[in-house]
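Notes to accompany the following structure.
Along the sequence shown, residues carry numbers from 1.
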Amino acid sequence: MTGFKSDFLNVLQSRGFIHQCSDFAGLDALAAKGQATAYVGYDCTARSLHIGNFLTMMMLYWLQQTGNKPITLMGGGTTMVGDPSGKDETRAMRTVEEIEANKASIRGVFAKVLRYGDGATDAIMLDNAEWLTKLNWIEMLRDIGRHFSVNRMLTMDSVKLRLEREQEMSFIEFNYMVCQAYDFVELSRRTGCRLQMGGSDQWGNIINGVELGRRMGTEQLFALTTPLLTTASGAKMGKTAQGAIWLNADQCSPYEFWQYWRNTEDADVVKFLKLFTTLPLAEIEKLGALQGAEINEAKKALADAATTLLHGEEAARTAADTARRTFEEGAIAENLPTIEVAKSELDAGLGVLNAFVKAGLVASNGEARRQIKGGGLRVNDVAVTDEKMALTRAELTSEGVIKLSLGKKRHVLVKPA
């Protein structure tokens, strides 16, 4: 559908957010009146959210900017169950203490993108543990469970793929979709929420909530999903050889975050500018027209804008300055990611393979060996040729650090402690 009445859907469509919607016309009419209260759920499976979550946070951002109300739902209850979507095996069960610690660590990131408060379009944060942990088992079966068809549940991708591969699915996981569907109904009753948004892998779960709402007598509910992102080369968005790109600064520094966007493939620059920045489309079009070496200016604009949005203008400026000093001037910038090693390790000789693993530049000694063979690892800007090399105090620069590099763009400082 094109030519929406609402600014919300027009913005999302023009910037590439829309994958599927349960009822474009109905949702468009609601959003055009500024009455589209919407939520995205975030389970507390780790201490930080990642770039995939950043995408749905941007959907909530544009919802708020176009006069509607966002809800961030913390999955304090659903994390106890575990979402089987996209998983080949049962998630590790987390204790209540772990979930609470993760929840506390995650909460702060939302206020960097959304405006919270008591106003009509101010965001609110809720936790599904508030109602899921209070459900009585028999009442839940009678009031909620009776609306679910096991036949249909078995056709859901999260279940079907496990069964086809003969991989076990626990009963608790099988019930995740029931919990998520009930969240939608509960939020509708409590807040007037009419829309759930998420990645395309959540479509079936969200539609379950829409259908449960119909059966339990809520107003009409709506589903809207965004495409699961891959890079132009086919890799999953937000994944590197060293793992996920986290949103918390203590797990992925603003410099590393900035550098991730700076290293974007040429073919992805415009797409990512539309999705992960608030730059006007006219400005993005100009950046997208840059050719040859000038495309690097568009990548810097992407890195600056995305980092400013999440970590603030000063952090983005510092990250850009660190990159410039490191790459253009060859200096060792104090804002590079740093790890500490015991002085005794340097006295004894820290194996170069172990050092690069400790620094998170490679995942294993084997990967370090492969990088050395390809000339990819450097110590103080000198290529490593001997995998048995040991780092000692002799390698400390005048700044009192050892600079480890993977290729030309990833650097970590080793500092004796």
Side-chain angles (χ1 to χ4, degrees), residues 17 19-22 27 36-64 68-87 91 94 99-100 102-111 113-114 116 123-135 144 156-158 172-213 218 221-226 228 247:
F17 282 95
H19 180 64
Q20 283 177 289
C21 180
S22 59
L27 178 57
T37 298
Y39 89 97
V40 177
Y42 299 92
D43 277 348
C44 313
T45 53
R47 288 183 53 244
S48 171
L49 300 177
H50 52 74
I51 279 183
N53 303 124
F54 195 26
L55 183 64
T56 56
M57 286 166 62
M58 291 305 298
M59 295 176 83
L60 291 173
Y61 169 86
W62 290 115
L63 179 88
Q64 186 169 52
N68 296 280
K69 189 177 186 71
I71 299 173
T72 46
L73 180 66
M74 304 299 288
T78 42
T79 308
M80 295 181 187
V81 177
D83 184 0
S85 301
K87 295 293 178 183
R91 290 179 185 267
R94 287 169 174 80
I99 293 170
E100 288 300 315
N102 288 344
K103 190 194 308 177
S105 180
I106 287 168
R107 292 174 73 101
V109 74
F110 295 106
V113 177
L114 301 172
Y116 286 82
I124 58 174
M125 183 179 293
L126 297 171
D127 183 348
N128 60 22
E130 187 177 337
W131 52 84
L132 291 180
T133 58
K134 295 174 184 175
L135 286 174
I144 305 167
M156 303 286 287
D157 281 346
S158 58
I172 189 172
E173 289 179 290
F174 188 60
N175 281 276
Y176 184 90
M177 66 181 82
V178 177
C179 295
Q180 184 173 333
Y182 183 65
D183 282 344
F184 203 172
V185 172
E186 189 68 23
L187 285 172
S188 174
R189 290 172 172 172
R190 289 177 179 231
T191 68
C193 178
R194 303 277 300 277
L195 170 64
Q196 184 183 356
M197 301 188 292
S200 60
D201 62 332
Q202 292 296 315
W203 176 254
N205 286 341
I206 298 174
I207 287 297
N208 276 337
V210 172
E211 179 65 16
L212 182 63
T218 68
L221 305 181
F222 301 93
L224 181 66
T225 60
T226 190
L228 285 185
L247 302 187

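- N128 places no side-chain N or O within 3.5 Å of a backbone atom of D183 that could act as its donor or acceptor partner.
- In this structure, the side chain of T226 engages the main chain of F17 through a donor-acceptor pair within 3.5 Å.
- Across all their heavy atoms, I106 and A46 have their closest contact at CD1-O, 3.3 Å.
- Rounded to the nearest 0.5 Å, atoms CZ (F110) and CD1 (I71) are 12.5 Å apart.
- The backbone N or O of V185 sits nowhere less than 3.5 Å from a side-chain atom of T218 that would complete a donor-acceptor pair.
- The structure places CD1 of I206 at 9.5 Å from CD of Q20, a figure rounded to the nearest 0.5 Å.
- No side-chain heavy atom of Q196 sits less than 4.5 Å from a side-chain heavy atom of L187.
- Remark: E186 engages R190 in a salt bridge (charged side-chain N to carboxylate O under 4.0 Å, His left out) (not counting sequence neighbours).
- Judged by distance alone, the side chain of R194 and the main-chain N or O of F222 form no donor-acceptor pair under 3.5 Å.
- Of all heavy-atom pairs spanning H19 and S200, the tightest one is CD2-CB, 3.4 Å.
- Looking at every heavy atom in both residues, Y39 comes nearest to C193 through CD2-SG, 3.7 Å.
- Here the side chain of N53 pairs a donor or acceptor atom with the backbone of H50 at under 3.5 angstrom.
- Between C179 and T78, the shortest heavy-atom distance links the atoms CB-CG2, 4.0 Å.
- Of the possible donor and acceptor atoms, one in the side chain of D127 sits under 3.5 Å from a partner among the backbone N and O of A129.
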